[in-house]
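Counting starts at 1 for both ligands and their atoms, following the listed order. Remember, it's a predicted structure, so these values are computed and weren't measured experimentally.
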Amino acid sequence: MTADWYKYATGYQIYPRSFLDTNGDGIGDIQGVIEKLPYLKQLGVDFIWINPVFKSPNKDNGYDISDYQDINPEYGTLDDVRELVDEAHALGLKVLFDLVVNHTSDKHPWFCASRSSKDNHYRDFYHWVEGKEDCPPNNWKSFKGESAWTYDETTQSYYLHIFDKSQPDLNWKNPKLRQAIYDMIQFWFDFGIDGFRLDAISHLQKAAYDRQVTDWEGDGPWGPFMNVEGIKTYMTELKALFDANGALTVGEASGVRSPEASSWTGDGGYMTMIFEWEHNARDADNHGSIPDFIAVLNRWQKDMDPGGWCGLYLENHDIPRIVQSFGDGSVAASKAFAVAYFLLRGTPFIYQGQEIAMSGLHFTELSQLDSVTVRDVKAYDSYIEKGLTPQEALDKVSAWSRDHARSPMQWDDSPKAGFTSAEPWLMLSSNYTERNVKKALSDKNSTFYLYQKLIALRHESKLIAEGHYCPVDEGNAAVFAYQRILGDEELLVMANLTRHTALLKLPDSILENDWQEIDLGQDVSCETLTKELSLPAYAYHVFEKRQ
Ligand code: BGC
């Protein structure tokens, strides 16, 4: 395997809770992942990233870890993970785990010890500041919008949490904490794990506690923990560990801006690649803007072109699905978006269900929402007070719900979609009888087979792996068009991301070449390229230059 294999590869994200339940408890499990490895092989992906399966009270579905080196029994055991790693490796698939080291659960033994007294070994594993109740050390806000500090009576001190109060932040300034984390990471490398998705990694460093938040520009209230000075020390130490183990790493690094992201990734960077967050922006009702989507991806591609590397994605477990938020819900939309992002410079990821155009949920009762979201009951009540009907209020509060992306995988059209024999932990999408894996596999025009072709194309193409990114008709608000160029070789990609016919302007430098369309199962192929090309709703085309 060459050092740059990941440039030709595709990753697949598994949200284990909703992937496949093999023991009839309504919750997906590790054996379910093992069972479906041949399916993933058929799709053609090269590695999987699995969301956290560690011991956890599940306040944040596994992102609140209480034991880094054991598995939550609802998912299985360490032996199951061993089997998973062996089976995946036998099929040539690498396995990435989620590394959640910005915080632990408040039930982690480190935190239990830490909060118990001021002078125990684990006290400085977390951020503590002595104080009086109702008078937090500063005005920092958590990502939930509340104070980032919670008062703890036992030692009359506040602890910091940039997410939920059940997720206290680890103190990376403490070398003993860092060593404990590095030992844990080595445990997983020794176990056979090939790499990690680095959760919330740009937040490891915190500003001095006397920094008050005064401006709402830039990183807004989150400035004190967004890519703060000093973080490079920790990243350099982590990189040494990753490199020593030949790991593949992808960082969730909000706050790392496109101009500096190159230095975080690639040969000299801390991690193999980075997930940027900006192209996900949506309004309060979860509607994304296509012009912004194109503009943000275009900017990231240009800024990363000299040497950085992106993890490319449309969907994940935190955001409602793309066809719902940016598209019109149709299979045609799912395909246009697939082509648009898949051939960019970077390593594409497919989130489970994206390959069968899964589209999200329609809630009819508040109780259908998962507990994390139900905490927004207050918002629901306030909409009712404003005069909205229960359904309108529900649509409002559920618009941004993570549940849309977390609904169980749709394997077939049987009563529980082939996901479980029990009641699924979260409701199924009502369209599962139409959109499921069984049906997709029997339809040669399905989104599944488009992804299969795109993955195969990437496997073989040095041009796609290494070519430069060059925008085409930059500023077009509907059609995302670009070229990939490597020496004499050129690829031309265009996708109309809207539900209307749109025009694309092609420059002479493109028109004077001789092009050949790549068969990606599009409804209508494009006979000739012209100065002003009219593309029907969600049309896509990919051409390669004839040599
Ligand atoms: C994960 C979320 C999680 C948060 C806190 C993230 O960015 O993707 O699902 O709630 O980190 O760990």
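Taking atom 4 (C) of ligand 1 as the reference point, the nearest protein heavy-atom neighbour is Phe163 CE2, 3.8 Å. The protein atom (non-hydrogen) at minimum distance from atom 10 (O) of ligand 1 is Asp60 OD2, 2.5 Å. The shortest contact between atom 7 (O) of ligand 1 and any protein heavy atom is with Glu252 OE2, 2.5 Å.
Below 30°, between 30° and 60°, or above 60°: for Phe275 and Phe349 the angle between ring planes is above 60°, a perpendicular geometry.
Neither the backbone nor the side chain of Lys59 comes within contact range of ligand 1; no heavy atom lies under 4.0 Å.
Atom numbering of ligand 1 starts at 1 in the shown order; those under 4.0 Å from a heavy atom of Asp199 are 1 (C), 5 (C), 6 (C), 7 (O), 8 (O), 11 (O), 12 (O). Ligand 1 places these atoms under 4.0 Å from at least one heavy atom of His103: 5 (C), 12 (O). Remark: ligand 1 atoms within the under-4.0 Å shell around heavy atoms of Arg406 are 9 (O). Near Asp318, the atoms of ligand 1 lying under 4.0 angstrom from a non-hydrogen atom of the residue are 1 (C), 2 (C), 6 (C), 7 (O), 8 (O), 9 (O).
No side-chain heavy atom of Gln354 sits under 4.5 Å from any side-chain heavy atom of Tyr313.
Using modelled atom types, one side-chain atom of Glu355 and one backbone atom of Gly353 make a donor-acceptor pair closer than 3.5 Å. Between the Tyr68 side chain and the Val100 main chain, a donor and an acceptor come within less than 3.5 Å of each other.
Considering backbone and side-chain atoms together, Gln167 places no N or O closer than 3.5 Å to any N or O of ligand 1.
Here the rule is ring pair (Phe, Tyr, Trp, His ring centres under 6.0 Å) with Tyr270, and of Trp264, Trp309, Tyr234 only Trp264 fits it.
Note on ligand 1: Arg197 sits in its first shell, one or more heavy atoms being nearer than 4.0 Å.
Using a 4.0 Å cut-off between charged side-chain N and carboxylate O, Glu278 and Arg299 make a salt bridge.
Because its NZ or CZ atom is not both nearer than 6.0 Å to the ring centre of Trp140 and within 45° of the ring axis, Lys206 does not count as a cation-pi partner of that residue.
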